[in-house]
Amino acid sequence: KFDPRQNVDGLSKPVVIPPAFGLDGIHRITVTGDGDDIAYWNRYVAVVEMGGIGSFSEPRLNLSVTHGAQDLVSSKLPGLQAYQLSLKAPAPPAGSFDAAAAARGKLVFEGAGRCASCHSGASFTDANLRLHPATDSMAEPESPSYASRSATKLYRTSPLKGVWQHAPYFHDGSAATLEDVVRAYNDRLSLGLGPQQVSDVAQYLKSL
């Protein structure tokens, strides 16, 4: 966990660092979808977080930072982004999920669980099409809202490929397991899923 806004607004509320893999074709790569490609975030980290020689500007945050008279950052960004986009989401280890339960869970995920309404497509995210208000987040309400400290003031739908690999879940890490994630949605959205359905969806997520 890390708070990338601390040296901008002085607050300290670390959030879970999202995976760097499986991002090819996904244009909103941060929790709040601030930039349209990885290079945006790499520039932010290089200049604002690490003091790199170069510039970063984000009018939505009233933020403009320049270090030095040269730009030693921009030329590094295309190669770094290409490398990151080459990283594939890891496949689940053999025997790490119940295949029969996962098959049942897929039906719930796409049906009664309503998960696929946002976790859609091959990447299991609608982030390229839209971002969501803070009220849609299972980790909200929180004070201050992490979204309120971002450029978009919104949240993206997290991609799910390789989700088995990077607990804890939600941007604040408040869900320790995938079962906890499904329970949170079930309770918050009054989905009416039974314990077996919750468990089956969790097994499906572990299979992705």
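- Between the OG atom in Ser137 and the CG atom in Asp172 there is a gap of 7.0 Å [rounded to 0.5 Å].
- Residues satisfying the side-chain contact (heavy atoms from CB on, under 4.5 Å) criterion with Gln197, sequence neighbours excluded, are Val108, Leu193.
- Looking at heavy atoms from C-beta onward, Ser174 lies out of side-chain contact with Met138 at the 4.5 angstrom threshold.
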- request: Take Tyr169 and Val163 through the side-chain contact (heavy atoms from CB on, under 4.5 Å) test and state the conclusion after the steps.
  value: CA-CA 9 Å; Tyr169 303 102; Val163 70; 3.6 Å; yes
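- For the residue pair Ala89 and Gly162, the shortest heavy atom distance occurs at CB-N, 4.1 Å.
- With sequence neighbours left out, the side-chain contact (heavy atoms from CB on, under 4.5 Å) criterion links Leu107 to no other residue.
- Of the residues Val48, Val73, Thr66, the one that meets the side-chain contact (heavy atoms from CB on, under 4.5 Å) test with Ser55 is Thr66.
- The salt bridge (Lys or Arg N to Asp or Glu O under 4.0 Å) search around Glu49 returns none, not counting sequence neighbours.
- Under a 3.5 Å cut-off, the side chain of Lys153 and the backbone N or O of Ala147 do not form any donor-acceptor pair.
- Rounded to the nearest 0.5 Å, atoms CG (Leu80) and OG (Ser75) are 11.0 Å apart.
- Remark: Arg5 qualifies as a cation-pi partner of Tyr44 under the 6.0 Å distance and 45° angle criteria applied to the six-membered ring.
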- request: Mind running side-chain hydrogen bond (donor to acceptor under 3.5 Å, both in side chains) on His119 and Glu110 for me, showing each step along the way?
  value: CA-CA 9 Å; His119 292 284; Glu110 295 173 346; over 6 Å; no
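- With Tyr40 as the partner, the side chain to side chain donor-acceptor pair (under 3.5 Å) test is satisfied by one option alone out of His27, Gln81, Glu58: Glu58.
- What you find for Ser207 and Phe97 is that their closest heavy atoms are CB-CE1, 3.5 Å.
- Crowding of Lys106 atom NZ: a count of heavy atoms from other residues, nucleotides or ligands under 6.0 Å not exceeding 12.
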task: Might you work through the side-chain contact (heavy atoms from CB on, under 4.5 Å) test for Ile53 and Asp71, ending with a clear yes or no?
output: CA-CA 6 Å; Ile53 306 302; Asp71 180 358; over 6 Å; no
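- Looking only at atom types and distance, the side chain of Glu140 has a donor-acceptor partner in the side chain of Ser145 under 3.5 Å away.
- Asp187 is linked by a side-chain contact (heavy atoms from CB on, under 4.5 Å) to nothing, counting only residues two or more places apart in sequence or in another chain.
- Between Phe170 and Val16 the shortest heavy-atom distance is O-CG2, 3.7 Å.
- By the 30° and 60° cut-offs, the orientation of the rings of Tyr155 relative to Tyr146 is parallel.
- In this model, a donor atom of one side chain and an acceptor atom of the other lie less than 3.5 Å apart for Thr157 and His132.
- Taking Arg28 as the reference, Asp36 meet the salt bridge (Lys or Arg N to Asp or Glu O under 4.0 Å) condition, with sequence neighbours excluded.
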message: side-chain hydrogen bond (donor to acceptor under 3.5 Å, both in side chains), that's the test. Do Gln84 and Asp24 meet it? Break it down for me.
response: CA-CA 8 Å; Gln84 289 172 285; Asp24 190 20; over 6 Å; no
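- Evaluation of the salt bridge (Lys or Arg N to Asp or Glu O under 4.0 Å) rule for Asp98 yields no partner, not counting sequence neighbours.
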Test side-chain contact (heavy atoms from CB on, under 4.5 Å) applied to Trp164 and Leu208, step by step: CA-CA 7 Å; Trp164 62 270; Leu208 299 178; over 6 Å; no
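- Taking 4.0 Å as the cut-off between side-chain N and carboxylate O, Asp9 and Arg149 count as a salt-bridged pair.
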